[in-house]
K.L.:
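Please find one structure pasted underneath; my questions will follow.
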Amino acid sequence: MAVAFLPAELGASARLAVEIAFGADLTDVDGSGWSWTDVTADVRQDPGITTSGGRSDEASTSQPANCSMVLDNATGAYSIGGGSAHYPYVRRNVPVRVRVNPGDGVYRVVFQGYANGFTPGWTDTDHGRIPVVTLSASGVLRRLIQGKDPLRSALYRYFTITNSDHLVTPVEYWPLEEDKAATEAASAVDGGAPGQFAVITSGGKDYGKAAWGGDTDNVATARAVKVSAGGSLRLPCRPSLVTADYWVVQWSQRYTSGSGAWVDFYTNGPHKIRITFWTDGSIDVIESQSAGDTTRFSVAAAQPYTYDDVWRTYTFVVDQTTANTSWTLYRDGSYANGVTSALLARGLPTRLDFISVPSPGGTEDPVSVAHVGLIESIAYVTEHAWAGTGYLDEFPEHRATRLCEEEGVDLDLVGALTTDVGMGPQRPLPFVTLVREVEAVDQGVLYDGVGPGLRYVARDQRENATTDLAVSAADLVAPFEPTDDDQRDRNRVVATSATGAKASYEDTDGPRGTTAIGVYDSSVDPNVADTSFLLDYASWAVHLGTVEGYRYPAVTMNMRAIAAAALAADVLAVTPSSRITVSDVDTLAGLPDETVDLLAEGVSHKLSTREWLFTAKCSPYDPWIIGTVASETGDTDDDLLRLDTDGAFVTHKFVGTGAAAVGNNASVAPALPAGIAAGDLLLVFAAIRNSGAGVPSTPTGYTLLAGSANARVFGKIATGSESAPTVAFTGGVANATTLATMVAYRGAALTVQNSAEQLNASAQNIATPALSGVGTAALVMWFGWKQDDWTSVDPLLAGSIDEVFENSSTTGDDAGIVVDHLVVSSSVLGGGAVGTGAFTVTGGASAISRGIVLALDLATIPAGSTSLVVATPSGPLWTTTADDYPLELKVGGLPVTATACSGSSSPQTFTVQPTSSPRHAGDAVEVLHPRALGL
């Protein structure tokens with residue numbers, strides 16, 4: 001009987017059960033007829049039950065699931081020999097399973113597999129020594145992977161293994177897969193006679209050769225025989241085995257353009273049938289009577305076929321069940337043509353000959369032949385042709401299902417395997433290798449230990465999965481800790497197909513690309529039919545190998561130490577490919593404030609009536625979140641594809657310009673820009689006409705930032721209350737025009753990186769000096785003054801350097817001022833120098849002028865900020881559509897949640913949830929988890 005299981009934690013109804021199916025019929029593939037014996041009461045609590053299954057990490061394949069326990073053997077029930085109550089079924093491969101009912105009445109399978117052995121031993125107790133056995137069991141993979149011999153070829157399996165797709169039972173069959181040492185062709189049916197090679201004799205000399213195992217270019221067969229220069233392969237048939245007047249011959253063949261080929265079907269009637277394969281690709285059928293008469297029937301529908309020296313499959317059907325005999329020929333599964341006539345002779349096959357057209361003394365043009373079968377049932381023409389390609393382009397699900405059915409292995413398919421990519425040819429490889437080729441193409445996971453056979457979880461079940469287990473870091477025990485290493489880094493991958501085609505993909509500029517961390521190369525071998533998909537597989541492998549952040553290799557829970565009842569069912573539901581989230585990891589010292597999203601690769605349990613320790617081996621889940629297309633409105637799903645930008649970064653924002661102030665040798669008070677707020681940078685550009693004597697005075701509360709003569713720049717940080725400053729001038733003269741204008745910026749600092757100025761001789765334009773020492777994040781401004789008025793001034797560099805304002809006045813003796821600033825310029829933000837330039841002035845006359853260039857630091861955005869100004873140097877801007885938010889961003893490497901964005905040009909302003917730490921000007925702004933498009 002099942003025993004109570006953690007009753008204090010799970011309640012009185014929880015049960016643990018260990019069962020063995022003594023005497024199980026292992027040919028009952030799905031185990032539905034097995035009878036289970038409960039042996040839980042004999043399980044020793046120390047050491048308890050341990051189980052494991054799945055992968056150890058994302059880079060490996062699943063190993064056989066394992067289970068071990070110690071059983072009390074005082075009665076000898078688990079001993080080998082006649083003394084056991086279970087004799088003779090205490091033996092290898094008896095089914096074993098472990099199940100848990102967490103208290104809801106439903107038993108979940110924790111392990112199911114097959115016994116490896118019952119090893120006797122002793123354990124010491126207070127009452128003396130007790131005989132025990134150690135029961136070890138494994139999933140079906142243990143037995144399957146021990147068979148290293150490859151499966152026979154696809155065509156061999158077609159003729160010898162029946163499945164739900166075909167029931168081929170040849171009465172005669174020659175695989176023709178002999179190696180080079182062979183001297184005859186062995187029959188693969190009981191009592192069948194071997195095939196022989198025969199030469200032709202001409203002029204007293206024998207001609208013809210046989211090269212056993214001489215052709216290895218056909219993926220659907222291990223080897224094939226070559227006959228050449230007039231030689232023939234003769235395969236004797238027993239007409240008595242053909243009990244109906246309906247018979248079929250199927251074979252594979254290729255021939256050279258130099259000789260062509262003959263295939264002769266001898267019968268027990270007065271005729272033989274010859275199929276002639278001409279060197280131009282055309283095909284004829286000829287009936288030869290014993291009296292020497294011949295009748296030629298051209299049976300190829302589209303004569304001639306194009307000769308191409310490739311392997312083809314052929315099916316020839318003879319139907320004599322009615323008064324009119326019919327002959328039909330199929331080539332590669334397609335109907336070639338046929339003839340029906342009462343004149344056709346009737347008969348049953350006695351010998352099949354495959355002949356290299358006689359050419360005594362000529363070239364040795366070979367004919368390759370493989371897998372000749374004589375069938376007296378319905379012809380599976382399409383299936384035969386498909387087998388002749390090695391089942392090329394077969395859907396992965398069909399390949400896995402067919403192989404498991406043929407090998408008698410139960411397969412539990414979870415999800416829908418891809419139908420976008422077809423499998424490459426099925427080669428003569430071990431069974432598990434072939435099934436794992438399906439795993440590599442679909443990118444799901446194959447494992448055992450949860451049923452009588454294998455389970456395959458398709459890729460679509462791993463992508464965008466719902467969370468199976470959500471826990472807090474407080475629920476976990478050691479070793480839950482992050483790993484930061486390069487064991488899983490792969491940024492350059494070559495994908496190679498079964499035919500040798502290759503494609504390579506390299507991440508050069510990503511955070512874990514080859515430029516950033518060097519080359520970490522690897523390879524994958526997806527057996528795909530269409531090799532154009534190889535690049536997708538290489539890039540997907542790089543996608544999986546360039547995941548940012550920590551790795552958390554394992555999640556372990558002591559179910560006795562937590563509120564187990566609430567989580568028990570979820571824990572039991574975790575299998576390889578389950579999604580696990582761990583919240584509150586910041587409560588563990590040194591870990592970031594985030595929810596860790598993981599994919600279970602393997603699962604283990606340690607169980608007894610008083611113990612339950614659960615561990616999941618994990619990999620990052622993030623690369624399995626595949627982008628989906630949003631609905632037209634109202635869709636805020638986390639998995640949506642989000643439009644990222646090109647090189648966006650935190651920057652300043654131009655708030656605005658105040659009304660200009662102009663005077664005649666008098667003080668002026670420029671107006672405050674609209675919309676200023678506390679913390680904004682306020683700048684005043686002031687100038688007086690008489691250069692050399694006139695000087696603007698620093699307004700109260702402001703700081704001189706640049707300029708040393710008649711044109712100067714002043715600045716301050718705005719407080720909560722501001723009024724227009726008054727700019728006074730000294731050294732003025734009559735009619736000396738005075739000018740001043742204010743501008744405001746958000747996110748800029750009052751710290752000068754560098755400045756330069758120059759006085760220009762009389763000219764139409766205003767030249768500006770070069771400036772070195774510009775930092776990687778800066779607000780760069782150009783100021784110009786001219787001792788004359790103008791009509792207009794062009795920006796220094798349209799599209800990159802924009803005009804802030806220009807103010808030309810005829811008050812007094814005329815003058816003008818102009819300001820440009822850098823909104824976006826990756827070259828300047830990269831650090832270095834600003835080159836010389838010039839304001840292009842239209843109107844007015846030539847006059848002296850002065851140019852100033854000023855570079856200011858951008859400000860640090862303090863923790864708790866709810867607004868970020870972001871510049872986008874090129875490409876599309878950030879979306880401002882309301883239902884595209886919230887949007888998770890990565891700002892300077894840390895997550896920030898944006899709830900809205902405004903601005904139709906760069907820079908734009910994000911409204912964000914309060915930032916957890918300061919952000920800095922120049923910090924890169926990206927989508928936090930950009931979704932992949934999938935494989």
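We're numbering straight along the sequence, starting at 1. For clarity, every value in this text was computed on a predicted model and none was experimentally measured.
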K.L.:
Would you say E177 and R152 make side-chain contact, with heavy atoms under 4.5 Å?
P.N.:
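Yes, their side chains come closer than 4.5 Å.
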K.L.:
In sequence, state the C-alpha distance, the side-chain angles, and the governing distance for E178 and R223, and then conclude on salt bridge (Lys or Arg N to Asp or Glu O under 4.0 Å).
P.N.:
CA-CA 7 Å; E178 283 77 13; R223 290 172 293 274; over 6 Å; no
K.L.:
Is there a donor in the side chain of D72 and an acceptor in the side chain of Y78, or the other way round, less than 3.5 Å apart?
P.N.:
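No, no side-chain donor-acceptor pair sits under 3.5 Å.
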K.L.:
Can you name the residues that form a ring pair (Phe, Tyr, Trp, His ring centres under 6.0 Å) with W540, not counting sequence neighbours?
P.N.:
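For W540, the residues satisfying ring pair (Phe, Tyr, Trp, His ring centres under 6.0 Å) (neighbours in sequence not counted) are H543, W624.
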K.L.:
Could you work out, with side-chain hydrogen bond (donor to acceptor under 3.5 Å, both in side chains) as the rule, every residue matching S532, not counting sequence neighbours?
P.N.:
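Per chain and number, S532 pairs via side-chain hydrogen bond (donor to acceptor under 3.5 Å, both in side chains) with D530.
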K.L.:
Of all heavy-atom pairs between D38 and A17, which one has the smallest distance, and what is that distance?
P.N.:
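Taking every non-hydrogen atom into account, OD2-CB, 4.4 Å.
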K.L.:
Please list, chain by chain and in numerical order, all residues satisfying side-chain hydrogen bond (donor to acceptor under 3.5 Å, both in side chains) with D25, sequence neighbours excluded.
P.N.:
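By the side-chain hydrogen bond (donor to acceptor under 3.5 Å, both in side chains) rule, D25 matches T27.
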K.L.:
What do the steps show when you test R551 against D485 for salt bridge (Lys or Arg N to Asp or Glu O under 4.0 Å), and what is the final call?
P.N.:
CA-CA 8 Å; R551 289 192 304 110; D485 58 30; 3.0 Å; yes
K.L.:
Looking at W251, Y391, Y158, which hits ring pair (Phe, Tyr, Trp, His ring centres under 6.0 Å) with H384?
P.N.:
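Going through the options one by one, the only one that passes is Y158.
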K.L.:
Which heavy-atom pair separates Y537 from A495 by the least distance, and what is that distance?
P.N.:
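Minimum heavy-atom separation between Y537 and A495: CB-CB, 4.4 Å.
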K.L.:
Name the one of R459, R55, R399 that satisfies salt bridge (Lys or Arg N to Asp or Glu O under 4.0 Å) with E439?
P.N.:
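It is R55, the one option of R459, R55, R399 that forms the salt bridge (Lys or Arg N to Asp or Glu O under 4.0 Å) with E439.
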K.L.:
Any salt bridge linking E19 with R97? Criterion: basic side-chain nitrogen under 4.0 Å from a carboxylate oxygen.
P.N.:
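A salt bridge links E19 with R97.
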K.L.:
To check you understand the geometry: which heavy-atom pair defines the closest contact between R92 and N116, and what is its length?
P.N.:
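Reported closest heavy-atom pair: CD-O, 3.0 Å.
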K.L.:
Does this structure show an ion pair linking R512 with D489, if we count only N-O contacts that are shorter than 4.0 Å?
P.N.:
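Salt bridge present between R512 and D489.
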